[in-house]
Amino acid sequence: MSTRIAFLKGHGTENDFVIIPDPENVIDLPPAAVAALCDRRAGIGGDGLLHVVRSAAHPEARAMAAEAEWFMDYRNGDGSVAEMCGNGVRVFAHYLQRAGHVAEGDIAVATRGGVKTVHIAKEGDITVGMGKALLPEGDVTVSVGERSWPARNVNMGNPHAVAFVEDLDHAGDLYTAPPFSPASAYPDGVNVEFVVDRGLRHVALRVHERGSGETRSCGTGACAVAVAAARRDGVDPAVTGTPATYTVDVPGGRLVITERPDGEIEMTGPAVIVAEGEIDAGWLETATP
């Protein structure tokens, strides 16, 4: 390993990430190293890490290399692996453009949740094709303290439990994962969204992301919330034949989510790179037992 490792820091609606460019997949990033880098006091700090690798160089992405040159090897802040991160895809695409790997327009990004289509607009916002939502059957309940709510089970390539509440403060401090039942609904854990209405097709959320705690934004969570809100409102684009668009306010900004009649969901929002530099590999080795 080189004595120094290049990194960047970016965010999408304040869901922030450490970015490690590694086209040939030569940098070893075990969970402890990722957690050390994402530590907000002893490391760089981030809700997660974007490992930028060519699909052909990564065993989990080689099968997607013909469709997408680049693979977003996404890790949660605790070092665990995640299938997808909607805000992360926007930041990932913005990095690729900044580095000269891609230009404005449509690109494809490989993820563990499949190949995602991304559109980089001239005005700066980035739209991500998030795929279709799955709505597993069965009742789910989430709780905070003495309160509990029914939740909509929505899968966006990763699992979500969406609960509509009267006040976002009812979500508590979100330092720990809100309990849910039945346990069989989410054997690998779940992202939990607490949602209030702000107006016509306009909602706001707070989210606890598995492996990261409360974050300022969650792209897949915003999509799950828009779908859950649409179904609650009796709106299903597959039935009406008309796209449904919801504005979703997150603590770190605003996302616009559109569900098309074919079930495909698009998410539009900003992506920002705030810094770049080098990691001392010696520090990283000592920081990871």
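Small disclaimer: the values here were computed from a predicted structure and weren't measured.
Separating the NZ atom in K132 from the CD1 atom in I265 is a distance of 10.0 Å, to the nearest 0.5 Å. Expressed to the nearest 0.5 Å, how far CG of D73 lies from CD of E60 amounts to 6.5 Å.
For the pair R152 (side chain) and A229 (backbone), a donor-acceptor distance under 3.5 Å is absent. The backbone N or O of A238 sits less than 3.5 Å from a side-chain atom of D236, completing a donor-acceptor pair. At least one donor-acceptor pair closer than 3.5 Å links the side chain of S212 to the backbone N or O of D47. The main-chain N or O of N87 is never found under 3.5 Å from a side-chain atom of N15 such that the two would form a donor-acceptor pair. The backbone N or O of G269 sits less than 3.5 Å from a side-chain atom of R90, completing a donor-acceptor pair. Within the 3.5 Å criterion, the main-chain N or O of S217 finds a donor-acceptor partner in the side chain of T215. Between the K9 side chain and the G45 main chain, a donor and an acceptor come within less than 3.5 Å of each other. Not a single donor-acceptor pair under 3.5 Å links the side chain of N153 to the backbone N or O of P136. In this structure, the side chain of N191 engages the main chain of R210 through a donor-acceptor pair within 3.5 Å. At least one donor-acceptor pair closer than 3.5 Å links the side chain of R206 to the backbone N or O of L168.
Side-chain contact between I120 and L96: absent, with no pair of heavy atoms (C-beta onward) separated by less than 4.5 Å. Counting heavy atoms from C-beta on, the side chains of R216 and H11 never come closer than 4.5 Å. By the 4.5 Å heavy-atom criterion applied to side chains, Y74 and E83 are not counted as neighbours. Between V140 and Y186 there is a side-chain heavy-atom pair separated by less than 4.5 Å. Side-chain contact check for M267 versus M156: every heavy-atom pair is 4.5 Å or farther apart.
In summary, of the residues considered (L174, V190, D173), a side-chain contact (heavy atoms from CB on, under 4.5 Å) with H208 occurs for L174 alone. Of the options R54, H51, H58, a side-chain hydrogen bond (donor to acceptor under 3.5 Å, both in side chains) to D22 is made by H51 and by none of the others.
Salt-bridge formation is not detected for the pair R147/E166: no Lys NZ or Arg NE/NH1/NH2 atom is positioned less than 4.0 Å from an Asp or Glu carboxylate oxygen. Look at R232 and D197 and you find a salt bridge, because one of the NZ, NE, NH1 or NH2 atoms lies within 4.0 Å of a carboxylate O, short of that distance.
Nearest heavy-atom pair, C218 versus E193, reported as atom, atom and distance to 0.1 Å: SG-OE2, 4.4 Å. Of all heavy-atom pairs between F164 and A228, the closest is CZ-C, 3.9 Å. Between L50 and G88, the shortest heavy-atom distance links the atoms CD1-O, 3.6 Å. Across L255 and G219, no two heavy atoms sit closer than the pair CD1-CA, 4.3 Å. Heavy-atom minimum distance, I19 versus G10: CD1-N, 4.1 Å. Nearest heavy-atom pair across P21 and Y95 is CB-OH, 3.3 Å.
By the criterion of side-chain heavy atoms lying less than 4.5 angstrom apart, applied directly or through intervening Ile, Leu, Val, Met, Phe, Trp or Tyr residues, W70 is grouped together with I107 in one hydrophobic cluster. Hydrophobic clustering, with ILVMFWY side chains joined whenever heavy atoms are under 4.5 angstrom apart, keeps V256 apart from V235. Under the 4.5 Å side-chain contact rule for hydrophobic residues, L29 and M72 do not share a cluster. The same ILVMFWY cluster, assembled from side-chain heavy atoms under 4.5 Å apart, contains both V196 and V142. Tracing side-chain contacts under 4.5 Å through hydrophobic residues (I, L, V, M, F, W, Y), one reaches V109 starting from V52; they form part of the same cluster.
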Legend entry - Full working for side-chain contact (heavy atoms from CB on, under 4.5 Å) between L135 and V154: CA-CA 5 Å; L135 300 171; V154 183; 3.7 Å; yes
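In the model, D249 has a side-chain atom that pairs as donor or acceptor with a side-chain atom of H202 under 3.5 Å. A side-chain N or O of D233 and one of Y246 form a donor-acceptor pair less than 3.5 Å apart.
For E137, the CD atom is loosely surrounded, since the number of other residues' heavy atoms within 6.0 Å does not exceed 12.
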